[in-house]
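The chains referred to below are lettered A, B, ... by the order of the sequence lines, with proteins before strands, and numbering in each begins at 1.
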There are 2 protein chains.
Amino acid sequence: MNERLAPDMFDELCPSALSPIRFGDKWAGMIIRCLEHGPRRFTELRIPLRGITAKVLTQSLRGLERDGLISRTAYNEAVQRVEYELTPLGRSLLGPMAVACAWAEKHWEELLDAREAYETPVSGFGRTG
Amino acid sequence: MNERLAPDMFDELCPSALSPIRFGDKWAGMIIRCLEHGPRRFTELRIPLRGITAKVLTQSLRGLERDGLISRTAYNEAVQRVEYELTPLGRSLLGPMAVACAWAEKHWEELLDAREAYETPVSGFGRTG
DNA sequence: CTGAATCCGGCAAGATACTG
DNA sequence: CAGTATCTTGCCGGATTCAG
């Protein structure tokens with residue numbers, strides 16, 4: 001169990017501003033998903049969160065810890081090791097997250113259309129017409 | 001139907017940063033709730049959203065409109081009147097919002113406890129210990 | 001009444017460099 | 001490996017003022 005996190009675990013434009021539903025800060029939702037199947041190490045988390053800097057990842061993890069959604073465990077070994085894991089409270093968020101994802105998936109086309117329609121108003125009869 | 005919006009429709013510290021689930025920007029979730037039972041006027045919306053400035057309300061409304069979640073209708077009458085209303089897409093968000101609210105209500109105490117515990121680490125054995 | 005214009009402070013997010 | 005320190009930039013939210 002607890003296989004490697006795939007580098008392409010998330011879509012290229014994730015987190016997308018197109019979804020109106022957010023969990024925590026910019027990266028929190030993705031981090032929670034990464035922890036869904038067991039504890040993960042700091043560096044391990046950086047793989048699917050392409051390009052996230054250590055500082056930003058630390059910030060987001062601290063926020064989740066503060067909210068009681070994840071726990072942090074440091075091991076005193078030869079090689080430094082720190083693991084993050086979902087708390088029961090954090091795990092209870094998976095339900096609402098699934099609902100949010102289902103909604104986004106179902107209405108993605110509508111969201112795209114709305115955005116496009118707003119950007120290109122009909123023949124100039126926009127707000128100023 | 002479509003009674004007045006109560007000034008105390010929302011809790012005093014709403015929107016609260018305590019809930020990790022957000023809908024749109026800071027005010028979007030509350031605006032959507034305001035529109036749940038029918039169209040509302042600009043000034044009418046300002047009542048329950050205590051103290052929101054016209055600029056910020058306009059911004060949030062524009063964002064919701066851009067996302068296809070609400071529609072805007074201006075009436076050419078003696079007194080200027082503009083109404084905002086949920087689109088079917090916007091209305092479809094009420095489900096996920098109910099889920100989010102139920103989650104927050106159920107786990108509110110845990111969230112408070114987590115926050116408090118994080119602020120006051122046990123006898124100094126905090127991160128730096 | 002329903003905004004638009006302008007200005008501002010604060011904070012989020014990232015780049016970069018450094019550390020135990 | 002798992003961060004911290006520092007700096008910079010951009011955006012968010014709000015105050016104030018003005019307009020159709």
Side-chain angles (χ1 to χ4, degrees), chain A residues 4-5 13-18 20 22-31 34-35 39-67 70-85 126-129, chain B residues 4-5 10 13-17 20 22-31 34-35 39-67 70-85 126-129:
Chain A
R4 282 221 149 291
L5 292 175
L13 36 80
C14 228
S16 170
L18 213 56
R22 297 238 90 109
F23 290 81
D25 66 19
K26 182 174 178 181
W27 302 97
M30 297 169 74
I31 292 175
C34 289
L35 300 179
R40 299 288 180 181
R41 304 181 56 173
F42 184 85
T43 305
E44 194 177 1
L45 287 172
R46 298 186 67 177
I47 306 298
L49 309 177
R50 292 171 302 275
I52 193 174
T53 63
K55 178 200 147 190
V56 173
L57 178 54
T58 300
Q59 272 179 185
S60 197
L61 288 168
R62 292 281 184 276
L64 289 166
E65 197 187 351
R66 187 193 55 163
D67 290 348
I70 67 173
S71 62
R72 177 185 182 275
T73 310
Y75 299 92
N76 285 330
E77 301 174 346
V79 291
Q80 194 176 353
R81 191 161 66 91
V82 175
E83 281 191 346
Y84 293 92
E85 189 172 11
R127 181 146 332 284
T128 60
Chain B
R4 283 222 149 290
L5 292 174
F10 299 106
L13 35 81
C14 227
S16 170
R22 298 237 88 111
F23 290 81
D25 65 18
K26 181 174 179 181
W27 302 96
M30 296 168 75
I31 292 175
C34 289
L35 300 179
R40 299 287 180 181
R41 303 182 56 174
F42 185 85
T43 305
E44 194 177 1
L45 287 172
R46 297 186 67 176
I47 307 298
L49 308 177
R50 291 171 301 273
I52 193 175
T53 62
K55 179 202 148 190
V56 172
L57 178 55
T58 300
Q59 273 179 182
S60 198
L61 288 169
R62 291 282 184 278
L64 289 166
E65 197 187 350
R66 187 192 56 163
D67 291 348
I70 66 172
S71 63
R72 176 185 182 275
T73 310
Y75 299 91
N76 284 329
E77 302 174 345
V79 291
Q80 193 176 354
R81 191 161 66 92
V82 176
E83 281 192 346
Y84 294 92
E85 188 173 11
R127 180 146 333 283
T128 59

- Note on the structure: Comparing nearest nucleotides in DNA chain D, the 5'-proximal residue of the pair A:Val79, B:Lys26 is A:Val79
- Item | Distance in Å, A:Trp27 CH2 paired with A:Cys34 SG, rounded so as to fall on 0.5 Å steps | 10.5 Å
With sequence neighbours left out, what residues match [X] under side chain to side chain contact (heavy atoms under 4.5 Å, CB included)?
X	value
A:Leu18	A:Ser16, A:Trp108, A:Leu111, A:Leu112, A:Arg115
A:Lys55	A:Thr53, A:Gln59
A:Gln80	none
A:Thr58	A:Phe42, A:Arg62

Could you go through nucleotides 15-20 of chain C and list every protein N or O atom that sits under 3.5 Å from one of its N or O atoms, giving the distance for each pair?
from: C:dG20; atom 1: N2; to: A:Gln80; atom 2: OE1; distance (Å): 2.4

- Item | Exam field: side chain A:Arg40 to backbone A:Tyr84, donor-acceptor pair closer than 3.5 Å | no
- d(CD, A:Glu77; P, D:dA2) in whole Å: 10 Å
- Message: Tell me the interatomic distance from B:Tyr75, atom OH, to C:dG3, atom C1', rounded to whole angstroms.
- Response: 18 Å
- Item | D:dC1 phosphate, OP1 or OP2, under 4.0 Å from A:Thr43 side-chain N/O | yes
Between protein and nucleic acid, restricted to nucleotides 17-19 of chain D and to nitrogen or oxygen atoms under 3.5 Å apart, what atom pairs and distances do you find?
none

- Message: Ignoring hydrogens, what is the shortest heavy-atom contact between A:Pro48 and A:Glu44? Give both atom names and the distance.
- Response: CD-O, 3.4 Å
